[in-house]
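See structure below.
Along the sequence shown, the residues carry numbers beginning at 1. Here the structure is a predicted model, which means the values were calculated and not measured. Counting convention: from 1, in listed order, for ligands and their atoms alike.
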Amino acid sequence: MKFFVDTADVDAIRELNDLGMVDGVTTNPSLILKSGRDIKEVTKEICDMVEGPVSAECVALDYDGMISEGRTLAKIADNIAIKLPLTWAGLKACKTLTGEGHMVNVTLCFSANQALLAAKAGATFISPFLGRLDDLSLDGMDLIQDIRTIYDNYGFETQILAASIRNVNHVKDAALIGADVITAPPAVIKSLANHVLTDKGLDAFMADWKKTGQTIA
Ligand code: G3P
């Protein structure tokens, strides 16, 4: 399973990237706002740091605007994945831009039928938003399972990029189902290392070690 980091915070990406934990990055207009940076400038900096795909989102809502913005974003670096919304115009732009050889991440997917359309439009990635379905008391993981089944039934190569990941269980469950990629905020990725029994065990070992009076030198 590939780990993408869902942020435009360059320092946070660098910390995880130095550990070899970053297979790609996803951004969106809200994350660009949060970064306080210029979209082209910060996206270029991320692309220079990370080898894998870096999703940069178009904000036009019409086909012509998406094509124009997509081509502009793609010029930032070779590893740009153009992010387009799951609308009819977005699917049309997906077909055109993937036909030109660009990677496309179709975002804001909330149903298996939407994911089916994105695969047929040639999307490189489909981004189902787990957390936002859970917010409505729906089971986002059911959607990941449905998309996995449909893509496998027909051999679609579009990668399932589980997004809107909010906690460690989302990561584990998406991995068990076989999502190709998860994108999660840096804090969620770092929290995968946490376990209360690890902390408790370490405390006990440290207490006993102190009693030995030894040092390792
Ligand atoms: O990249 C988009 C997605 O991951 C957003 O997550 O937490 O804002 O629903 P969230």
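Thr183 and Thr26 share a donor-acceptor pair across their side chains, judged by distance under 3.5 Å alone.
Checked for salt-bridge contact, Asp203 and Lys200 miss the test: no charged N lies under 4.0 Å from a carboxylate O. Look at Asp64 and Lys92 and you find no salt bridge, because none of the NZ, NE, NH1 or NH2 atoms lies under 4.0 Å from a carboxylate O.
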Between ligand 1 and the protein, which N/O pairs fall short of 3.5 Å?
from, atom 1, to, atom 2, distance (Å)
ligand 1, 1 (O), Asp6, OD1, 2.8
ligand 1, 1 (O), Asp6, OD2, 3.2
ligand 1, 1 (O), Lys83, NZ, 3.4
ligand 1, 4 (O), Asp6, OD2, 2.6
ligand 1, 4 (O), Ser164, N, 2.8
ligand 1, 7 (O), Arg166, NE, 2.8
ligand 1, 8 (O), Arg132, NH2, 2.8
ligand 1, 9 (O), Arg132, NE, 2.6
ligand 1, 9 (O), Arg132, NH2, 3.4
ligand 1, 9 (O), Ser164, OG, 2.6
ligand 1, 9 (O), Arg166, NH2, 3.0

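Residue pairs meeting the salt bridge (Lys or Arg N to Asp or Glu O under 4.0 Å) criterion with at least one member in residues 3-14, sequence neighbours excluded, are Asp11-Arg14.
Here CD1 of Ile80 is found 10.5 Å from NE2 of His102. Values are rounded to the nearest 0.5 Å.
Counting only distance, with no hydrogens or angles, the side chain of Asn17 and the backbone of Val50 share no donor-acceptor pair below 3.5 Å.
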